[in-house]
4 protein chains.
Amino acid sequence: MTSADQSTPTQPPAKRARRADAERNRAAIIEAAGVVFAERGGTVDVREIARRSGVGMGTLYRHFPTKDDLLATVLEREFTCWLTTAHQAAEATEDPWEALTGFFEQTLTHQARNRAMVESYAATGAPSRACAQYRDAFIDELRTRCLNAGLLRAGVTTADLVLLSTSLSQIVQATDDSHPGQWRRLLRISLDGLRARNTEPLPESGPEPESVRHVGASAND
Amino acid sequence: MTSADQSTPTQPPAKRARRADAERNRAAIIEAAGVVFAERGGTVDVREIARRSGVGMGTLYRHFPTKDDLLATVLEREFTCWLTTAHQAAEATEDPWEALTGFFEQTLTHQARNRAMVESYAATGAPSRACAQYRDAFIDELRTRCLNAGLLRAGVTTADLVLLSTSLSQIVQATDDSHPGQWRRLLRISLDGLRARNTEPLPESGPEPESVRHVGASAND
Amino acid sequence: MTSADQSTPTQPPAKRARRADAERNRAAIIEAAGVVFAERGGTVDVREIARRSGVGMGTLYRHFPTKDDLLATVLEREFTCWLTTAHQAAEATEDPWEALTGFFEQTLTHQARNRAMVESYAATGAPSRACAQYRDAFIDELRTRCLNAGLLRAGVTTADLVLLSTSLSQIVQATDDSHPGQWRRLLRISLDGLRARNTEPLPESGPEPESVRHVGASAND
Amino acid sequence: MTSADQSTPTQPPAKRARRADAERNRAAIIEAAGVVFAERGGTVDVREIARRSGVGMGTLYRHFPTKDDLLATVLEREFTCWLTTAHQAAEATEDPWEALTGFFEQTLTHQARNRAMVESYAATGAPSRACAQYRDAFIDELRTRCLNAGLLRAGVTTADLVLLSTSLSQIVQATDDSHPGQWRRLLRISLDGLRARNTEPLPESGPEPESVRHVGASAND
DNA sequence: TATGAATGAGTGTTCATTCAT
DNA sequence: TATGAATGAACACTCATTCAT
């Protein structure tokens, strides 16, 4: 039941055409789904996606055996794309603290409008375990840079920063229509709480239980 | 199938007969709905609630003309009950800052497991406008106390604090199963950012647009 | 299952009071049901009737084991009452033709506003077999008077007149709101078709089938 | 459970595949709905129609977004089909009066068994405004022909004739099972009342009120 | 006996997924 | 392979009737 790849090596010319077509379809679906999921969240009717993709239901389900598979694929893509951009931006920034705050700014400005994405933060922390790892690694970089520069509060973990970003994303999602820009105040407050001048130790988080969902960084420091 | 009688079997066989039984049913429904909504969110099948209440569909709909009415009732109740407790706790606390942090602690410890409640935070900020006002008033009290005591950062609004509490609730909801207690670190960070020692001015939030949902306190310097 | 009459001869004073109360209730129910059925037809919620009667569902169902029983009772009453009035009016009228037309006028003016009544015409021709017989007898009287006076078309049966009255009732029901008074034109047309000057014989109606509902006069003359 | 294939198995395996099958399903639904609505009226369970069509609920709702849409479609179809036939029959008839009576005959013979159709007469006069207009135009033709030939009573309006036909339909519906053919007598009586030899003027109908439902022709002397 | 709360099968409708073409 | 029609288990809600009090 996974994306059918049993390679029947007949009709090589048609084959290639098919492939290209299929690829184009796949792209169209992902594109449309991205828009629709972002606008209306993960509960939209699959038909809406099929319609906007210009493909039939069968084609959609050929590429993605399940609505959830499609959603996951779309989110992973967008997540990755966004992270890559963020990564580049961070590397181009001299000042570690500026890199950190820039990351938050960019995240909240661009990602937080995506309803499905924010839903996935609330549900599992990230679209997938791989996404979570990629993000955690990146955020850990930012964290380390700040820490080494003596700018970041002692004891702040990657998990803390991840959580902060998802939390602020949800705020943006909930308030940006009615109170645009208000989230910037909370971002500022949180970042100020992260500054090295805060010397009180942070509380230990409890031990991690058995069954863990891919919620991201567990504990590093 | 009759109304779960595992409670106080001490009361006399009732003088105002039906009223008592009906009230018991109503209570059973609210109780069951509370549990079910908390566990599975606002989208659960009404039948599930009926089943868990030990009543038929008709009874449920006699007491609550709509699923949404039931949900609203349940949430308002829980919200109010929680706020009352929080209010009392705050009044019993000398130190203003401790009162503020205590409020956050209690909120996140007790409310945040409730899926439907957190959904309502994400959707409209509170179960109802009345709830929002009650909460805003209370939080404003906490804020003023801290401000007067010179403990709270200048420029922090009630809306900021409301937003912080709802957003941290969502975080608790999302992470407390897998990383119990981790939210306490985020709370600490945010609270430290709220301390008076942070003297940088907070950014102005943009102008409020036309149609505002009842998302809570708007702005009160 | 019929209106409980098993005479337990205990407590004679209370008994009488009960009786009176019960009778009052029964009357209230019939009264309210009459109004409600007339206004909204036979499909109204029984609760509406109970509410307007000021009695509980149990009481209602004690007096009338079924919604249909209540409907039948109400309709029979109204039907009988109406027929009695019509009877008296007819007896007070010298001219046979005037008596006949007066009957139609009165019927259409007063009965045809009753939704449930007209529904019952459409369904079974009359609220009950007894009603049908009463009406048929009365109409037959009118018919005979006209016939004897040489005013009525030869061959017109009681059944014809009955059918005409139910048909015109339905017209009133359907049009009196939007085109008040239009039914009078059709009444006039039909009555003119009933005049003795129409000498063409009427078609024979086919043989009556096995299972006959109480639709009224079968064939006379 | 697949679409009842007891019909023409002669057509080639279809070139425009799905369309044909879907059309067959649509037809099956309309067919089944026609039967069921005619037998049991507009209140039948949609599931019954689905069952009798041999399709699932989803298919039914794919073709008709609402039960009412289905009902409307079915009734409009039957109404139109009947009117077309009636139209042709009328055009093929020399004698204007015969055309008029033939129309009534045909109407009452074919349409009046249809419970849903007659319900729609009682409710709004016709399945739709368009249907009503078509019918009114046609009846007006018949009326004019008769009038010009000096056969129709002066002052008879199209609305009068429309009303007569719908009301007689209801009569047929109510009595044809128990007293088949009796309606023909009533029809004859009414038609005789419509003859030109009736010279008494018809009563004016009152002024038309504000909100009129599509009950058919309004007034055309 | 009167009350009105409780019952639960039934209603119109939706939507993720399958499958014939 | 692409299509979109078909599926049917859910869903929220109603209402004639019963039954505990």
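Naming convention: chains lettered A, B, ... in sequence-line order (proteins, then strands); numbering from 1 in each chain. Only heavy atoms go into these numbers, but all of them, side chains included; no hydrogens, no water, no symmetry mates.
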Subject >> Pairwise 5' ranking along DNA chain F for D:Gly56 and A:Met57, keeping only the more 5' one >> reply: A:Met57
Subject >> Between C1' of E:dT21 and CZ of A:Arg62, the distance in whole Å >> reply: 13 Å
Original post:
Do D:Arg47 side-chain and E:dG12 base share a donor-acceptor contact under 3.5 Å?
Top reply: yes
Original post:
Could you go step by step and tell me if D:Phe37 and D:Ile49 meet the side-chain contact (heavy atoms from CB on, under 4.5 Å) rule?
Top reply: CA-CA 9 Å; D:Phe37 280 140; D:Ile49 297 169; 3.6 Å; yes
Original post:
Applying a 3.5 Å limit to both distances, which nucleotide forms a Watson-Crick or G-U wobble pair with E:dG10?
Top reply: F:dC13
Original post:
Does B:Arg115 reach the side chain of B:Val44, with side-chain heavy atoms less than 4.5 Å apart?
Top reply: no
Original post:
Where each residue is assigned the nucleotide of DNA chain E containing its nearest heavy atom, which of D:Lys67 and C:Asn25 is assigned the position nearer the 5′ end?
Top reply: C:Asn25
**OP:** Searching all strands shown, indicate the nucleotide that pairs with F:dC19 (Watson-Crick or G-U wobble; both distances under 3.5 Å).
**Re:** E:dG4
Subject >> Heavy atoms of other groups near B:Arg52 CZ, more than 12 under 6.0 Å >> reply: yes
Original post:
Tell me: CG of C:Asp21 to C1' of E:dT3, nearest whole Å?
Top reply: 13 Å
Original post:
Given that D:Asp45 and C:Val55 both sit by DNA chain E, which one's nearest nucleotide is further toward the 5' end?
Top reply: C:Val55
**OP:** Would you indicate whether A:Glu39, at its atom CD, is surrounded by more than 12 heavy atoms from other residues, nucleotides or ligands within a distance under 6.0 Å?
**Re:** yes
Original post:
Which whole-number value in Å describes the distance from C:Ile49 CD1 to F:dC15 P?
Top reply: 13 Å
Subject >> A:Leu71 CG - E:dA16 P separation (whole Å) >> reply: 12 Å
**OP:** Take atom CZ of A:Arg26 and atom P of F:dA2, then tell me their distance rounded to the nearest Å.
**Re:** 12 Å
Original post:
Between E:dT3 atom C1' and C:Arg24 atom CZ, what is the distance in whole Å?
Top reply: 17 Å
**OP:** Look at C:Thr59 and E:dT1 and indicate whether a side-chain polar atom (N or O) is within less than 4.0 Å of OP1 or OP2.
**Re:** no
Original post:
For A:Tyr61 and E:dT17, is the shortest distance between a side-chain N/O and OP1 or OP2 below 4.0 Å?
Top reply: yes
**OP:** Provide, to the nearest angstrom, the distance between the CD atom belonging to A:Glu23 and the C1' atom belonging to F:dA2.
**Re:** 15 Å
Subject >> Heavy-atom pair with the smallest gap, counting every atom of B:Phe79 and B:Met117 >> reply: N-CE, 3.7 Å
**OP:** Measure the distance from CG on D:Leu60 to C1' on E:dC15 and round it to the nearest whole Å.
**Re:** 16 Å
